[in-house]
Enquirer: 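I am attaching a structure below and will ask some questions about it afterwards.
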Amino acid sequence: MATASPAADGGRGRPWEGGLVSWPPAPPLTLPWTWMGPSWGQHPGEIIEFPILKLNGRTMEIESTFHMYVQPVVHPQLTPFCTELTGIIQAMVDGQPSLEQVLERVHEWMAKEGLLDPNVKSIFVTCGDWDLKVMLPGQCQYLGLPVADYFKQWINLKKAYSFAMGCWPKNGLLDMNKGLSLQHIGRPHSGIGQSLCKSPWQLDDCKNIANIMKTLAYRGFIFKQTSKPF
């Protein structure tokens, strides 16, 4: 998903990155989103982009992609700062489904991918706790929408990285890629130029998350849920 929001864990005022994965014998998923948040002078924050990558829990390779832009309903006009930071322009969200409709399509996609099978274990992976601890439940509460159980547990990739490497990635994906000697995919916090490319901006963040997870897994790191039960 993409939203324009303040980030938790010391990253206030940045776009947020997140993800979802499922582990053997199931495949995993990674998910970033972009939203317009209080740090940009708008309350409540609203999700405006929703991308997910499904990763295979054994190979850590991408198996499927979900991506949709979201029409904000409380503040339908994007701010110039939002567009400058995320590369998402007004035409990308105008006429797009509402958050309620997008969440319904996420559920349908997860069902199609077998991720709702009770025998399949899956969990979101987020670059921080903000997305699923604050942003999504907060907007759902404001709009009177239920929060699906699969959004209530996750792995904070920053915490996983710090456990594996012994240092906290203050700059999120940039620090994690640098610490693992990985090439960063895409341009961080890209402007309109990046948004005009074929690949949606936040999918690049999804791919960075996937590469970091794959590298840590190949080094023998075992991922565990970091969120507290709701």
Enquirer: To the nearest 0.5 Å, how far apart are CG in L180 and NZ in K214?
Expert: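 Rounded to the nearest 0.5 Å, the CG-NZ separation comes to 13.5 Å.
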
Enquirer: So Q225 and W154, do their side chains get closer than 4.5 Å, heavy atoms only?
Expert: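 Counting from C-beta outward, W154 and Q225 never come under 4.5 Å.
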
Enquirer: Taking atom SG of C206 and atom CD1 of I62, what is their separation to the nearest 0.5 Å?
Expert: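 Rounded to the nearest 0.5 Å, the SG-CD1 separation comes out at 8.5 Å.
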
Enquirer: Between D129 and K159, does at least one N-O distance fall below 4.0 Å, as a salt bridge requires?
Expert: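 Result for this pair is yes, salt bridge flagged.
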
Enquirer: Would you please test K158 and W168 for side chain to side chain contact (heavy atoms under 4.5 Å, CB included) and show each step?
Expert: CA-CA 7 Å; K158 290 182 179 180; W168 185 260; 3.7 Å; yes

Enquirer: Do you know the tightest heavy-atom contact between A217 and M60?
Expert: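 Closest approach of A217 to M60, heavy atoms only: CB-CG, 4.3 Å.
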
Enquirer: Answer whether the closest heavy-atom distance between the side chains of L132 and K152 falls below 4.5 Å.
Expert: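 No - every pair of side-chain heavy atoms lies 4.5 Å or more apart.
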
Enquirer: Report the distance from atom CG of L116 to atom CH2 of W109, rounding to the nearest 0.5 Å.
Expert: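 Spacing of CG (L116) from CH2 (W109) equals 10.5 Å.
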
Enquirer: Please find the pair of heavy atoms, one from M165 and one from G179, that lie closest to each other, and give the distance.
Expert: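 The answer is CE-O, 3.7 Å.
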
Enquirer: Assess whether a salt bridge exists between D175 and K178, defined as any Lys/Arg side-chain N lying under 4.0 Å from an Asp/Glu carboxylate O.
Expert: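 Salt bridge: no.
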
Enquirer: Are I123 and F223 packed together at the side-chain level, in the sense that at least one heavy-atom pair is separated by less than 4.5 angstrom?
Expert: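 Not touching, per the 4.5 Å side-chain cut-off.
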
Enquirer: Tell me, do Y150 and L115 make a side-chain contact under 4.5 Å, heavy atoms counted?
Expert: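 No - every pair of side-chain heavy atoms lies 4.5 Å or more apart.
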
Enquirer: Do H107 and K112 pass the side chain to side chain contact (heavy atoms under 4.5 Å, CB included) test, and can you show the C-alpha distance, the side-chain angles, and the key distance before you say yes or no?
Expert: CA-CA 9 Å; H107 192 83; K112 179 176 68 77; over 6 Å; no

Enquirer: I'd like to check L53 versus K207 (side-chain heavy atoms, cut-off strictly below 4.5 Å). Are they in contact?
Expert: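 They are in contact (side-chain heavy atoms under 4.5 Å apart), so the answer is yes.
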
Enquirer: Under the criterion side chain to side chain contact (heavy atoms under 4.5 Å, CB included), I'd like the reasoning laid out for C127 against L173: C-alpha separation, chi angles, the key distance, then a yes or no.
Expert: CA-CA 8 Å; C127 188; L173 296 177; 4.0 Å; yes

Enquirer: Does L174 reach the side chain of H184, with side-chain heavy atoms less than 4.5 Å apart?
Expert: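 Yes, close enough: below the 4.5 Å cut-off.
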
Enquirer: With rounding to the nearest 0.5 angstrom, report the CG to CD1 distance, N208 to I185.
Expert: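 With rounding to 0.5 Å, CG (N208) is 4.5 Å from CD1 (I185).
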
Enquirer: I'd like to know if the side chain of N56 pairs up with that of E63 as donor and acceptor (distance under 3.5 Å, no hydrogens or angles considered).
Expert: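 Yes, because at least one side-chain N or O of N56 sits under 3.5 Å from a partner of the opposite role on E63.
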
Enquirer: Kindly indicate whether the side chain of P72, heavy atoms from C-beta on, has any atom under 4.5 Å from the side chain of V93.
Expert: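 P72 vs V93: side chains touch.
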
Enquirer: Might you point out which heavy atoms bring G128 and N156 nearest each other, and give the distance in Å?
Expert: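 Shortest heavy-atom contact: N-OD1, 3.0 Å.
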
Enquirer: Hey, mind stepping through I209 and T126 against side chain to side chain contact (heavy atoms under 4.5 Å, CB included) and telling me if it holds?
Expert: CA-CA 8 Å; I209 289 169; T126 61; over 6 Å; no

Enquirer: Are I47 and M135 close enough that some pair of their side-chain heavy atoms sits under 4.5 Å apart?
Expert: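 The answer is yes; the side chains approach within 4.5 Å.
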
Enquirer: Between CG of L103 and CD of E108, what distance do you get to the nearest 0.5 Å?
Expert: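 Answer rounded to 0.5 Å: 11.0 Å.
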
Enquirer: Can you spot which of E113, E61, M110 makes a side chain to side chain contact (heavy atoms under 4.5 Å, CB included) with K54?
Expert: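 Among E113, E61, M110, the one meeting side chain to side chain contact (heavy atoms under 4.5 Å, CB included) with K54 is E113.
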
Enquirer: Donor-acceptor check, side chain of Q96 to backbone of M68, threshold 3.5 angstrom: yes or no?
Expert: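 Checked: no pair found.
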
Enquirer: Looking only at heavy atoms, what is the nearest atom pair of I155 and A160, with distance?
Expert: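 Heavy atoms only, the tightest pair is CG2-CB, 4.3 Å.
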
Enquirer: Do F163 and Y161 have their ring centres less than 6.0 Å from each other?
Expert: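 So the answer is no for these two rings.
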
Enquirer: What's the spacing between E100 CD and L145 CG if we round to 0.5 Å?
Expert: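 Rounded to the nearest 0.5 Å, the CD-CG separation comes to 5.0 Å.
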
Enquirer: Are a donor atom and an acceptor atom from the side chains of Q71 and S98 found within less than 3.5 Å of each other?
Expert: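 Side chains of Q71 and S98: no pair found under 3.5 Å.
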
Enquirer: Closest approach of Y69 and M92, non-hydrogen atoms and distance?
Expert: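 Reported closest heavy-atom pair: CB-O, 3.4 Å.
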
Enquirer: Which heavy atom in I88 sits nearest to a heavy atom in T83, and how many Å separate them?
Expert: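 Of all heavy-atom pairs spanning I88 and T83, the closest is O-OG1, 2.9 Å.
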
Enquirer: Decide if atom CD of Q141 counts as having more than 12 heavy atoms of other residues, nucleotides or ligands within a radius under 6.0 Å.
Expert: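 No, because the 6.0 Å sphere around CD of Q141 holds 12 heavy atoms or fewer from other groups.
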
Enquirer: Distance-only, no hydrogens or angles: does the Q153 side chain make a donor-acceptor pair with backbone N or O of S227 under 3.5 Å?
Expert: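 Not confirmed, Q153 side chain does not pair with S227 backbone.
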
Enquirer: Donor-acceptor pair, N177 side chain versus Q183 backbone, under 3.5 Å?
Expert: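 Such a contact is absent between N177 side chain and Q183 backbone.
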
